[in-house]
Amino acid sequence: MYALLDCNSFYCSCERLFRPDLEHRPVVVLSNNDGCVIARSDEAKAAGIGMGTPYFQCRELVREKDVAVFSSNYQLYGDLSMRVMDTVRQLLGPDKIEVYSVDEAFLDFSAIPPDQLEAYARNLRQTVEQWTGIRVSIGVAQTKVLCKVANRLAKKQKAVTGCVMVLDHPEKTQSALEQTEVGETWGVGHQYAEKLRQWGISTAWKLSRMPEEWVKKNLGGVVGQRLFHELNGLPCIEMKDPLENKKMIGTSRMFGRRVFELKDLREAVASYTARAAEKLRRQSSAASVVEVYLVTASEEKFTYHPKKYSASARLSHPSSMTNELIAYTLPLVEALFIQGPRYLKAGVNFSELVPENSTQCNLFETTGKTSGSSCGRKENKKLMAALDNINASQQGEMVRFAASGLERSWKMRQELMSPRYTTKWNELFEVH
DNA sequence: TCTGGGGTCCTAGGACCC
DNA sequence: TCTGGGGTCCTAGGACCC
């Protein structure tokens, strides 16, 4: 058996943790640039604020219902997420947890006796709340997809379930699937949901009763087939190895104001390159290919039709050094840039990642941009390590490349940010 | 005026090979 | 009129997730 542990309205719960006065007030958290609503407390949902609604569209409602609004504070959420995951690790064992996202983890419950599943899950839920202050819901079932179903209902019917649902009998599973709209099923997005509804398949239960071949043919081949088996209690999606590295690493941002100039784009791309390179080094990878893309606003008025332009380059040897990577990404921005359109966003992607220590130097290349022996890269590596160290301990871009600019007026807006209570000395929670 | 960021996996189709 | 069969590799793009 598996379990899915999911924090309730995670970002809102984090904001409330240090603001008990918000306990019964509606709370929402906005995306970067204070663009859309990406997290809502139950009260905010009840007030009619939809997921993903642009902030400017619900300002009225926010005022009317006295909603507390926050910019996203990822340092705070990241730190509290770690506390939750560590708690679970401590109770269940380090190899029994797969952290799936900042607020979710799949748990391996195979060692727990069938008659104790429910009690175990309830105890776990209770302990996490007690130790971290974060409320979680737990769904237990034979497969990951069924855990998702269980978890969703556990949360939706809090009063009845106490945030825990165990699907350990076929009748329970059937009933849960019947209560799950097909579009709410994990793995069924907008497109498939629409298609399925046209066929009269309205619930997860109906989908699970279709012929396997039909599902395979109409729901993306093997992906659909897997979903079908999972719905029928046959596990196809295993626990993932936590040590697995990412295959692609990127950084992108919408701009905080109107951008037309090459100078701003260069600075932004240099910044994103630096940020993505940091992520590369954190998992000890080096990139073989870099891609830069720019997104422009469309010419058509009143509609939102962004257009993406991208260009890529292969490195002479895989690298994770910020200065080397910037030397590839900046020429790409320059090649892509055209005078005229307004730019909304830029991004950098690194792919074909290889382990950092296995990278080969290019035999025909001179010793590189910095002085020194053996590819001239040892010093460079030390420099990057020092840079990462300083920036990690200071929680920000304390030291950065000049190419990323000084003024940086294109940076995103975050006007409603709460203090980083748990990770910054000068923003600690104070008791008077 | 104002719409996020970071990923994964899979398929189709073209180019190329013998 | 009639034009093979089997395979690999790569890329672009679709669909999904939180």
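These numbers were taken from a predicted model, which means no experiment stands behind them. Only this structure's heavy atoms are used, side chains among them; waters, hydrogens and symmetry mates stay out. Just so we're on the same page: letters track the sequence lines, and every chain starts at 1.
In this structure, the nucleotide among C:dC16, B:dC2, B:dG6 sitting nearest to the side chain of A:T251 is B:dG6. Of the candidate nucleotides B:dG7, B:dG5, C:dC18, B:dG7 has the atom nearest to the side chain of A:K279. Of the candidates C:dA15, B:dT8, B:dG4, the closest approach to any side-chain atom of A:K246 belongs to B:dT8. When distances run from any side-chain atom of A:Y192 to the nucleotides C:dA15, B:dG6, B:dC10, the shortest one goes to C:dA15. Nearest nucleotide to the side chain of A:N32, out of C:dC17, B:dG5, B:dC2: B:dG5.
At whole-Å resolution of the value, CZ in A:R257 and C1' in B:dC2 are 16 Å apart. If you take CE of A:M248 and P of B:dG7, they are 6 Å apart, rounded to a whole angstrom. When the C1' atom of B:dG6 is taken as reference, atom CZ of A:F350 falls 14 Å away, rounded to whole Å. Computed from coordinates, the A:K308 NZ to B:dG6 P distance equals 12 Å when rounded to whole Å. A:R40 has its CZ atom 14 Å from the P atom of C:dC18, to the nearest Å. In this structure, A:Y293 atom OH and B:dG5 atom C1' are separated by 8 Å, rounded to whole Å. Per the geometry, NE2 belonging to A:H190 stands 12 Å off C1' belonging to C:dA15, to the nearest Å. The interatomic distance linking A:Y309 (OH) with C:dG13 (P) rounds to 14 Å, in whole Å.
Residues A:E244 and A:R275 both approach DNA chain B. Their nearest nucleotides, taken by heavy-atom distance, put A:R275 toward the 5′ side.
Aromatic rings from A:F109 and A:Y2 are positioned such that their centres are separated by 6.0 Å or more.
The salt bridge (charged side-chain N to carboxylate O under 4.0 Å, His left out) analysis of residues 326-349 of chain A, with sequence neighbours excluded, yields the pairs A:R266-A:E334.
Taking a pair as Watson-Crick or G-U wobble with both distances under 3.5 Å, DNA chain C forms stems of 3 or more consecutive pairs at B:5-18 with C:5-18.
Side-chain N/O atoms of A:S252 include one lying less than 4.0 angstrom from OP1 or OP2 on B:dG6. For the pair A:R226 and B:dC9, the criterion of a side-chain N or O lying under 4.0 Å from OP1 or OP2 is not met. Contact between the side-chain N/O atoms of A:K247 and the OP1/OP2 oxygens of B:dC9 is found at a separation under 4.0 Å. In this model, the phosphate group of B:dT3 is not approached by any side-chain N or O of A:K345 to a distance below 4.0 Å at OP1 or OP2. Between A:K195 and C:dA15 there is no side-chain polar atom (N or O) within less than 4.0 angstrom of OP1 or OP2.
Note that A:R209 lies in the cation-pi zone of A:W205, set by a 6.0 Å cut-off to the ring centre and a 45° limit from the axis. Cation-pi geometry between A:K411 and A:F255 is not met: the NZ or CZ atom fails to fall both under 6.0 Å from the ring centre and inside 45° of the normal. By the 6.0 Å and 45° rule, A:R59 stacks over the aromatic ring of A:Y55.
Heavy atoms only, all atoms of each residue included: A:L231 and A:S208 are closest at CB-CB, 4.0 Å.
Heavy atoms of other residues, nucleotides or ligands lying less than 6.0 angstrom from CD of A:E23 number more than 12. Atom CZ of A:R135 has 12 or fewer neighbouring heavy atoms from other residues, nucleotides or ligands inside a 6.0 Å radius.
The closest side-chain heavy-atom distance from A:V292 to A:L336 is below 4.5 Å.
Using a 4.0 Å heavy-atom criterion, one finds that A:N33 contacts no nucleic acid atom at all. Within 4.0 Å of A:R152, counting heavy atoms only, lies no atom of the nucleic acid at all.
To the nearest 0.5 Å, the span separating CH2 on A:W410 from CZ on A:R253 amounts to 9.0 Å.
Taking a 4.0 Å limit (strictly below) on heavy-atom distances, residues 4-15 of chain A does not reach DNA chain C anywhere.
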